[in-house]
**Student:** 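I'd like to ask you about the structure that follows.
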Amino acid sequence: MNKELMLGNKALARGLYEAGCSVISSYPGTPSTEITEEAAKYNEIYCEWAPNEKVALEVAHGATLGGVRAACAMKHVGLNVAADPLFTISYQGLNAGLVIFVADDPGMHSSQNEQDSRHYAIAAKIPMLEPSDSAEALAFVKIAYQISETYNTPVLVRMCTRIAHSQSIVETSDRVVPPQVPYVKDPGKVMMTKNSRDAHVRVEKRTEALRAFAEKTDINVLEDNGSDTGFITSSTSYQYVKEVFGDSVNVLKLGMAFPLPVEKIKLFAKKCKKIYVLEELDPIVEQHCKSLGVKVTGKELFPVCGEFSQNLLRLKTGMAVPERVSERTDVPMRPPVMCAGCPHRGIFYVLSKLKCMVYGDIGCYTLGAVAPLNAMDLNVCMGASCSGLHGFNLAMKQAGEKHAVGVIGDSTFIHSGITGITDIAYNMTNSTVIILDNSITGMTGHQQNPATGKNLRGEPAGKVDLEALCRAVGFNRVTVIDPYDLKTVERVIKEELEAEEPSIIISRRPCVMIKGTVHKAPLVPDRDKCTGCKMCMKIGCPAVSVRNDKVSIDSTLCIGCGVCTQMCRFGALTEVDR
Amino acid sequence: MKTTNIMIVGVGGQGTLLASKVLGRVLLDAGYDVKVSEVHGMSQRGGSVVTYVRYGEKVYSPVIDEGEADCIVSFELLEALRWLSYLKPGGRMIVNLQKIDPMPVITGAAAYPDDALAQMQKLPLKLSAYDYLVLAEQAGSAKAVNLTLLGTLSNGFADIPLSVWENAIRELVPAKFVELNLAAFRLGRELPQ
């Protein structure tokens with residue numbers, strides 16, 4: 001036994017290692033990415049980045065059919081993509097344990113919505129566990145595999161940002177690998193007609209068996225502290241209850257989010273006069289309690305939207321919040337920004353200048369929406385920039401085709417953009433999609449993807465030829481540009497918008513944060529030439545500012561990309577040989 | 001014993017995560033229950049970042065709420081003001097006087113407050129303000145500013161010997177930067193209060 005301070009996601013990876021997991025296939029997404037990255041540090045586990053979550057889940061399931069324990073990890077919106085295989089894998093069953101990690105993001109620290117993944121467990125009838133700290137994260141992975149193999153079901157493990165991204169103490173032990181289960185062909189496994197009907201009956205019986213498990217499992221813990229007041233809670237909400245109330249209230253801590261126990265809740269209700277349900281996002285436990293006739297206070301007090309905290313709990317239950325040294329002061333916001341030298345900047349500057357309608361997508365480039373670029377009109381989900389643009393142009397006809405573009409990163413394009421551009425080419429709107437190929441999955445912390453030519457461990461791997469792919473699905477016009485060259489960017493975007501056929505622009509320049517990207521010397525502004533016109537400020541580079549009416553360059557940030565040089569008509573921002 | 005709350009705040013890219021990792025490790029080695037809560041993803045792109053470090057006999061919540069922090073270590077002046085309401089009356093504020101303009105200031109949509117330090121001097125808190133960037137440069141690199149601040153913070157732990165801090169730094173910092181970071185840590189630790 002070794003005691004370590006471990007990130008929740010790293011503890012899951014440790015759990016996978018100790019449980020003898022052999023195959024992991026995932027797509028990165030905050031706050032789930034580190035599960036797979038940390039697991040990849042163990043040579044005993046095969047880990048890969050798949051093109052998207054649907055593929056990842058199918059790969060992991062395939063590995064369990066081959067008889068080894070497998071897993072995949074994704075963020076909440078990733079489970080939407082993986083929902084198709086999820087529902088039928090629930091029927092299909094496995095040949096070895098399958099654990100699916102899904103990380104929700106209450107408060108939307110790094111997400112476009114705040115959906116509650118517990119709905120998927122209910123809808124797909126798949127058991128779901130919910131750890132409340134790193135030690136539980138590690139332990140629950142092993143329990144998940146036991147449940148998976150005992151009940152022949154995939155198991156969902158739901159994380160939230162606070163559990164995924166906080167470190168707490170875990171005790172580690174050795175890896176134990178179960179023997180590989182031989183594959184045996186079974187005609188009942190083909191999901192059609194009678195087989196599917198039989199499988200559904202089996203799933204319903206399984207859920208009943210799991211409900212019985214939920215009554216007796218010790219991950220649903222009843223803490224009887226002899227109080228009149230009780231809290232039914234789980235995950236990070238459990239920690240807030242303990243933080244505020246300690247041992248002064250009764251607590252039913254649910255380590256299993258689906259199926260929920262019945263008798264345990266009724267027993268708990270008998271011990272308390274007043275029961276609160278504290279759960280972030282949707283009132284799932286609350287509605288379950290109410291369906292049992294148990295009177296509880298939930299969402300009429302605690303909000304559906306956003307994260308909870310100990311002060312929220314104090315306020316809502318009529319307690320005083322701690323005194324503070326000062327009230328909140330009004331200070332300028334510090335929003336995230338595109339890095340100095342970011343190759344996306346030039347594209348967004350030109351799109352903004354041309355007043356294009358920009359259908360955005362999911363990635364670092366979503367930051368093209370913020371001031372001063374203000375270059376993005378909207379975004380929806382991975383890949384929507386391509387298909388959504390096509391629909392927009394169908395409605396707007398010529399007017400749309402002459403000024404609307406879709407903007408999508410390389411990883412997002414591989415994930416879900418290919419089908420969208422295929423629709424454009426097949427059904428022929430004159431749509432223009434710009435692929436921002438920065439040779440990395442940037443926003444989630446620089447993961448490789450099928451367009452980079454490297455695998456998860458950075459080793460040489462297969463590489464998607466984006467130009468050839470776009471031509472193969474039916475695009476005759478495929479142009480590659482360097483986003484640092486503003487004149488060419490502007491000329492090509494204008495040309496492609498005018499073209500009377502579908503077109504692809506590939507803006508190619510590696511992310512400046514990738515190790516090994518060559519940076520030039522920082523620019524040294526010529527203050528005598530600067531007229532203080534502030535044209536250079538229009539690109540929103542964090543390295544460029546104007547102080548006392550003269551331009552100033554932050555040499556710790558500037559990488560000499562030269563985009564601001566092209567903005568200056570007075571030659572105040574030229575490169576200097578040193 | 002009650003739980004002690006330390007916040008490490010700054011601007012994405014300033015090295016707050018490494019500082020919190022070292023601190024978490026030191027507290028673990030000193031025998032406490034510890035939780036360290038980090039921010040990943042969107043917030044790292046030059047945005048405002050915060051790390052919560054909590055320790056004691058038994059720590060529950062991974063986060064620190066307003067009015068709960070015993071100490072805030074701010075890597076940047078404006079960020080100290082942003083998180084001020086999290087500090088308990090009488091709490092400790094260690095602040096780097098370095099100013100990093102946020103985008104609304106760069107674009108002229110907002111002004112950097114010129115009385116940030118004066119505002120804090122009027123409040124009931126124990127203030128240690130210094131230009132830690134200069135100190136880090138003395139140690140050999142502006143990038144070691146995180147360890148200089150950690151050095152000053154380490155003075156508040158009378159019961160944790162220097163060797164525990166130095167061991168944690170040796171284990172968590174890449175080998176070629178260990179000496180630089182140890183030097184930076186010592187400069188911060190020896191700073192007169």
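Proteins come first, then strands; the chains are lettered A, B, ... in the order of their sequence lines, and each starts at number 1.
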**Student:** Which residues in residues 72-83 of chain B have any heavy atom lying under 4.5 Å from a heavy atom of chain A?
**Tutor:** E76(B), L78(B), E79(B), L81(B), R82(B)
**Student:** Which bit of E327(A) comes within less than 4.5 Å of chain B, counting heavy atoms only: side chain, backbone, both or neither?
**Tutor:** backbone
**Student:** Testing the basics here: between I169(A) and V34(B), what is the closest heavy-atom pair and its distance to 0.1 Å?
**Tutor:** CD1-N, 3.8 Å
**Student:** Heavy-atom pairs under 4.5 Å with chain B are the metric here; pick the option from S545(A), P332(A), C541(A) that has the most.
**Tutor:**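 The answer is P332(A).
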**Student:** Among K534(A), E243(A), M333(A), which has the most heavy-atom pairs under 4.5 Å with chain B?
**Tutor:**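 Most pairs with chain B among the choices: E243(A).
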**Student:** Measure the spacing between CG of L7(A) and OG of S37(B) and express it to the nearest 0.5 Å.
**Tutor:**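 So the gap between those two atoms works out to 9.0 Å.
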**Student:** How many angstroms lie between CD1 in I64(B) and OG in S309(A), if you round to the nearest 0.5 Å?
**Tutor:** 12.5 Å
**Student:** So, does Q167(A) use its side chain to make a donor-acceptor pair with the main chain of E38(B) at under 3.5 Å?
**Tutor:**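 It does not hold such a pair.
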**Student:** Please evaluate residues V63(B) and R162(A) with respect to the criterion side-chain contact (heavy atoms from CB on, under 4.5 Å), reporting the C-alpha separation (whole Å), side-chain torsions for both, the decisive distance (0.1 Å), and the verdict.
**Tutor:** CA-CA 8 Å; V63(B) 296; R162(A) 293 303 180 188; 3.6 Å; yes
**Student:** For chain B, find which of Q310(A), M537(A), E323(A) contributes the most heavy-atom pairs closer than 4.5 angstrom.
**Tutor:**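 The option with the most such pairs is Q310(A).
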**Student:** If you count heavy-atom pairs within less than 4.5 Å of chain B, which of E4(A), K242(A), K538(A), R334(A) leads?
**Tutor:** R334(A)
**Student:** Using a strict cut-off of less than 4.0 Å between a Lys/Arg side-chain nitrogen and an Asp/Glu carboxylate oxygen, indicate whether E68(B) and R314(A) qualify as a salt bridge.
**Tutor:**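 Result for this pair is yes, salt bridge flagged.
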**Student:** Under the salt bridge (charged side-chain N to carboxylate O under 4.0 Å, His left out) test, which residues partner D65(B), sequence neighbours left out?
**Tutor:**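 Expected list: none.
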**Student:** Taking side chain to side chain contact (heavy atoms under 4.5 Å, CB included) as the test, write out the residues that go with M513(A), two or more places apart.
**Tutor:** C339(A), H446(A), C511(A)
**Student:** Under 4.5 Å, heavy atom to heavy atom, which residues of residues 93-120 of chain B contact chain A?
**Tutor:**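 Expected list: I100(B), D101(B), P102(B), M103(B), P104(B), V105(B), I106(B), T107(B), A110(B), A111(B), P113(B), Q119(B).
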